[in-house]
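First comes the structure, then the notes that go with it.
Quick note on labels: first sequence line is chain A, next is B, and so on, each numbered from 1.
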2 protein chains.
Amino acid sequence: MPKQVDPDARRADVVDALFRVALREGLPRVSLRTVAAEAELNIGSLRHYFASQPELMRFAMSAMLDRVAARLMRRVAAAAEAGDDPEALRARAVEMFGELLPLDDARRAELMIFLDFSAAARTDPDLADLARTAARGARALVRRVLGRLARAGAIRSDVDLDLETERLTALLDGLGVNAALHPDLVDADTCLAVVRTHLRHLAPPP
Amino acid sequence: MPKQVDPDARRADVVDALFRVALREGLPRVSLRTVAAEAELNIGSLRHYFASQPELMRFAMSAMLDRVAARLMRRVAAAAEAGDDPEALRARAVEMFGELLPLDDARRAELMIFLDFSAAARTDPDLADLARTAARGARALVRRVLGRLARAGAIRSDVDLDLETERLTALLDGLGVNAALHPDLVDADTCLAVVRTHLRHLAPPP
DNA sequence: CTTTATTTATCACGGGTGTGATACTTCCCG
DNA sequence: CGGGAAGTATCACACCCGTGATAAATAAAG
């Protein structure tokens with residue numbers, strides 16, 4: 001009985017259109033009408049896939065976090081095959097954290113949208129739990145990487161890993177925000193240099 | 001001929017009302033009407049002090065940055081009287097950076113509003129230069145404090161001060177955003193502990 | 001008191017928003 | 001072929017927005 005349309009693909013298209021509008025004009029300018037126009041869809045069609053505007057917003061934020069998580073999981077899988085050489089492990093860690101930094105236009109766009117949604121989630125109860133889960137997830141990842149580095153002897157043994165998790169998480173968040181919002185002040189190379197320097201400072205003395 | 005009203009005080013009241021609305025409901029909910037209602041003013045009165053909505057927004061963001069800058073300048077003046085003892089200097093530095101962290105409700109509110117305006121400035125040309133100036137100012141301050149610490153021998157001599165400026169700036173920004181948005185994950189004591197740990201890691205070996 | 005400029009207060013307009021309701025079209029299945 | 005679900009397309013409504021225009025109230029100055 002149904003028409004031959006893949007609803008999931010449609011929803012993904014709509015979310016992509018929403019991201020383009022949010023990136024270009026900011027999240028406050030995102031509305032059913034602007035997104036429908038960007039997706040070259042009729043508002044009625046859009047509303048057939050998203051019952052309400054809050055539902056669309058939540059779906060979009062969730063989709064964005066899922067994409068980041070998927071990228072990170074791929075890196076985690078790749079890093080699992082790495083050995084225990086401290087130097088190689090540190091390089092893997094830099095690659096991992098690089099997924100959270102605006103090293104190219106795609107990640108820069110993602111970070112800007114993440115920033116907009118984070119700000120919106122502060123006052124939008126529908127998005128609060130997503131922001132909280134994302135924050136906890138970032139900490140868990142950083143903690144996991146630091147733990148692995150510590151076990152391989154790539155980190156001094158006299159540091160508090162919980163505190164270092166907080167410090168590195170803050171560093172990555174701040175670096176991402178700064179480099180995304182002010183690419184003329186912080187470029188991609190500087191981002192990587194900062195992360196490498198941080199990990200080197202955590203290394204045990206020779 | 002005029003009525004006895006201090007225009008500057010009125011503008012400050014309006015800006016305070018705007019901050020309250022932005023803090024409670026988010027910057028997108030800020031409008032001439034909501035701010036006027038919060039300030040218990042008529043829209044006509046509000047428009048007598050701010051010709052347009054963009055002008056109000058810019059004035060408010062500028063006022064917020066000025067307040068932070070004034071607080072920091074007070075700390076700078078106080079720190080100028082400090083001696084050259086590395087330990088005391090580090091304590092002064094922590095106090096200084098603490099002004100940028102959500103250590104109490106007032107600073108937490110300020111940080112949330114700063115975050116909202118930063119996000120808005122990304123797509124609002126009227127606010128872009130303010131955000132840029134703020135970012136450069138933060139770097140300049142961090143650089144200045146690090147320079148003073150280095151001259152007093154409170155920092156290892158084998159570090160790149162420019163890179164360390166970027167690293168510490170990112171750390172402070174990220175810590176501020178994280179603690180402001182997720183106070184249940186990062187409390188005030190953790191903030192200070194992170195900053196102290198960072199400065200200690202920069203100290204020269206005994 | 002009259003003048004005059006500041007301040008306060010309303011109104012109306014065009015435009016954007018989310019949403020409920022309602023048709024119309026398309027196309028698979030029985 | 002006909003029934004009916006899935007998808008597309010419009011309308012209308014109430015609400016909020018910024019702003020231009022205009023009027024009324026206030027109080028100091030002449």
Side-chain angles (χ1 to χ4, degrees), chain A residues 1-22 24-61 116-117 119-121 123-127, chain B residues 1-22 24-61 116-117 119-121 123-127:
Chain A
M1 319 157 182
K3 229 178 192 172
Q4 52 182 14
V5 173
D6 181 357
D8 290 338
R10 264 273 201 269
R11 274 186 253 263
D13 288 345
V14 171
V15 166
D16 283 336
L18 187 151
F19 288 162
R20 289 197 297 274
V21 174
R24 194 193 324 128
E25 312 183 35
L27 203 52
R29 297 285 310 258
V30 165
S31 71
L32 295 184
R33 284 171 172 86
T34 59
V35 172
E38 177 73 27
E40 292 179 288
L41 275 177
N42 189 287
I43 308 183
S45 295
L46 201 159
R47 293 182 58 198
H48 184 257
Y49 295 98
F50 297 96
S52 68
Q53 191 255 12
E55 181 182 319
L56 170 59
M57 289 302 234
R58 186 178 168 85
F59 186 90
M61 180 168 179
D116 274 22
F117 270 113
T123 49
D124 188 339
D126 289 354
L127 306 178
Chain B
M1 321 152 181
K3 227 179 192 173
Q4 50 182 15
V5 173
D6 180 359
D8 290 337
R10 264 273 199 271
R11 273 186 255 262
D13 289 344
V14 171
V15 166
D16 283 336
L18 187 151
F19 289 162
R20 289 197 297 273
V21 174
R24 195 193 326 129
E25 311 182 34
L27 203 51
R29 297 285 310 257
V30 165
S31 72
L32 295 184
R33 284 172 172 86
T34 58
V35 172
E38 177 74 27
E40 292 180 286
L41 275 176
N42 189 288
I43 308 183
S45 294
L46 201 158
R47 291 182 60 198
H48 182 256
Y49 296 96
F50 297 97
S52 69
Q53 191 255 12
E55 181 182 318
L56 170 60
M57 288 302 225
R58 186 177 168 86
F59 186 90
M61 180 169 178
D116 273 21
F117 271 112
T123 49
D124 187 339
D126 289 355
L127 307 178

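- Per the geometry, OH belonging to Tyr49(B) stands 13 Å off C1' belonging to dA5(C), to the nearest Å.
- Residue-to-nucleotide contacts include no donor-acceptor pair under 3.5 Å from the side chain of Arg33(A) to the base of dG16(C).
- In this structure, His48(B) and Arg10(B) have side chains that are not in contact, with every pair of non-hydrogen atoms separated by 4.5 Å or more.
- Annotation for Arg29(B): atom CZ does not count as buried by contact number, only 12 or fewer foreign heavy atoms lying within 6.0 Å.
- Residue Arg11(A) comes nearest to Phe50(A) through the heavy atom pair CG-CZ, 3.5 Å, listed as atom of the first residue, atom of the second, then distance.
- A residue-by-residue look at Ser31(A) and Gly44(A) shows that Ser31(A) has its nearest nucleotide of DNA chain C further toward the 5' end.
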* **CA sep, side-chain torsions, deciding dist, call: Leu27(B), Met57(B), side chain to side chain contact (heavy atoms under 4.5 Å, CB included)** => CA-CA 10 Å; Leu27(B) 203 51; Met57(B) 288 302 225; 4.3 Å; yes
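- Across dT8(C), dT19(D), dT10(D), the shortest atom-to-atom separation from the side chain of Gln53(B) is found for dT19(D).
- Computed from coordinates, the Ile43(B) CD1 to dT7(C) C1' distance equals 16 Å when rounded to whole Å.
- Here the straight-line distance linking atom CD of Gln53(B) with atom CG of Leu32(B) works out to 6.0 Å at 0.5 Å rounding.
- Here dA24(D) presents its P atom at 15 Å from CG of Asn42(B), a figure rounded to the nearest Å.
- Computed from coordinates, the Arg29(B) CZ to dG16(C) C1' distance equals 15 Å when rounded to whole Å.
- Taking atom CG of residue Asp13(A) and atom P of nucleotide dG7(D), one finds them 14 Å apart after rounding to whole Å.
- Taking atom NE2 of His48(B) as the reference point, atom P of dA9(C) lies 13 Å away to the nearest angstrom.
- Rounded to whole angstrom, the span from the CE atom of Met57(B) across to the P atom of dT19(D) amounts to 11 Å.
- Under 3.5 Å, the side chain of Arg47(A) and the base of dG18(C) form no donor-acceptor pair of N or O atoms.
- In this entry the distance linking CG of Leu46(B) with P of dT10(C) reads 15 Å, nearest Å.
- In this structure, Pro28(B) reaches neither bases nor backbone, as no heavy-atom distance under 4.0 Å exists between it and the strands shown.
- Considering only side-chain N and O atoms, Arg10(B) lies under 4.0 angstrom from the phosphate OP1 or OP2 of dT8(C).
- Each of Ser45(B) and Pro54(A) was assigned the nucleotide of DNA chain C with the nearest heavy atom; the assignment lying further toward the 5' end belongs to Ser45(B).
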